[in-house]
Amino acid sequence: MQFDPKTLKFNDAGLIPAIAQDAENGDVLMMAWMNEEAVQRTLDTGRVTYWSRSRQSFWIKGESSGHVQELVDFRVDCDRDCLLVIVNQTGPACHTNRRSCFYSAVRDGEEVELMKPMV
């Protein structure tokens with residue numbers, strides 16, 4: 001069956017959350033938004049493309065930083081309202097220069113930093 005991005009459930013702003021996961025070790029790297037065209041561009045090029053809400057423009061991960069995300073697998077959840085992009089990540093995924101955007105945790109009521117920025 002041919003995939004049609006129009007079958008996805010986008011929010012009122014025309015966006016769908018996309019979670020990036022490292023293909024090598026399964027780490028959750030980041031979450032960003034895609035619109036229908038970003039989904040199609042990602043599938044067409046193999047370079048993960050998001051929609052930047054702040055800039056109101058497409059954002060090809062790594063275009064300026066070199067920290068690219070090469071698409072390995074593209075998955076749709078059961079409700080069709082969230083995406084999982086499994087990627088080969090070059091360098092850090094987070095704009096803070098950390099491997100993952102999920103670098104802090106709350107443990108026993110305290111926020112704990114789990115990883116330092118990459119050198």
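Because only heavy atoms are used, hydrogens play no part in the values below, and waters and symmetry mates are left out as well, while side chains stay in. Since this is a predicted model, take the numbers as computed values, not measurements.
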In the hydrophobic cluster built from side-chain contacts under 4.5 Å, what are the other members alongside Met34? Phe3, Leu8, Phe10, Ile16, Leu29, Met30, Val39, Leu43, Val48, Tyr50, Trp59, Leu71, Phe74, Val76, Leu83, Val85, Val87

What residues join Trp51 in its hydrophobic cluster, counting side-chain heavy atom gaps under 4.5 Å, either direct or through other members? Leu15, Ile19, Val28, Met31, Trp33, Phe58, Val72, Leu84, Ile86, Phe102

Fellow cluster residues of Val68, listed by chain then number, with links counted only when side-chain atoms sit under 4.5 Å apart: none

In Å, rounded to the nearest 0.5 Å, how long is the span from CE of Met118 to SG of Cys94? 11.5 Å

Under a 3.5 Å distance rule, please check whether Asp79 uses its side chain to pair with a backbone N or O of Asp81 as donor and acceptor. no

Residue Glu113 excluded, over 12 heavy atoms near CD under 6.0 Å: yes

Do you know which two heavy atoms are closest between Gly91 and Arg99, and how far apart they sit? O-NH1, 2.8 Å

Gap separating the CD1 atom of Ile60 from the OG atom of Ser52, nearest 0.5 angstrom: 12.5 Å

Test item: Thr49 and Glu37 side chains (from C-beta on) under 4.5 Å apart, heavy atoms: no

On a heavy-atom basis, which atom in Gln89 and which in His67 lie closest, and how many Å separate them? NE2-O, 3.3 Å

Going by side-chain contact (heavy atoms from CB on, under 4.5 Å), Arg98 matches just one of Pro117, Pro92, Ser104. Which one? Pro117

Between Thr42 and Arg47, do the side chains contain a donor N or O and an acceptor N or O under 3.5 Å apart? no

Side-chain heavy-atom pair Asp27, Ser100 within 4.5 angstrom cut-off: no

d(Met115 CE, Thr96 OG1) to nearest 0.5 Å is 9.0 Å

Okay, side chain of Glu110, backbone of Arg107: is any donor-acceptor separation there less than 3.5 Å? no

Exercise: identify the closest heavy-atom pair between Gly26 and Gln21: O-NE2, 2.9 Å

Spell out, as yes or no, whether a donor-acceptor pair under 3.5 Å connects the side chain of Asp4 to the backbone of Thr7. no

Roughly how far, to the nearest 0.5 Å, is the SG atom of Cys101 from the NE2 atom of His95? 7.5 Å

Inspect the surroundings of CZ in Arg75 and state if more than 12 heavy atoms from other residues, nucleotides or ligands are less than 6.0 Å away. no

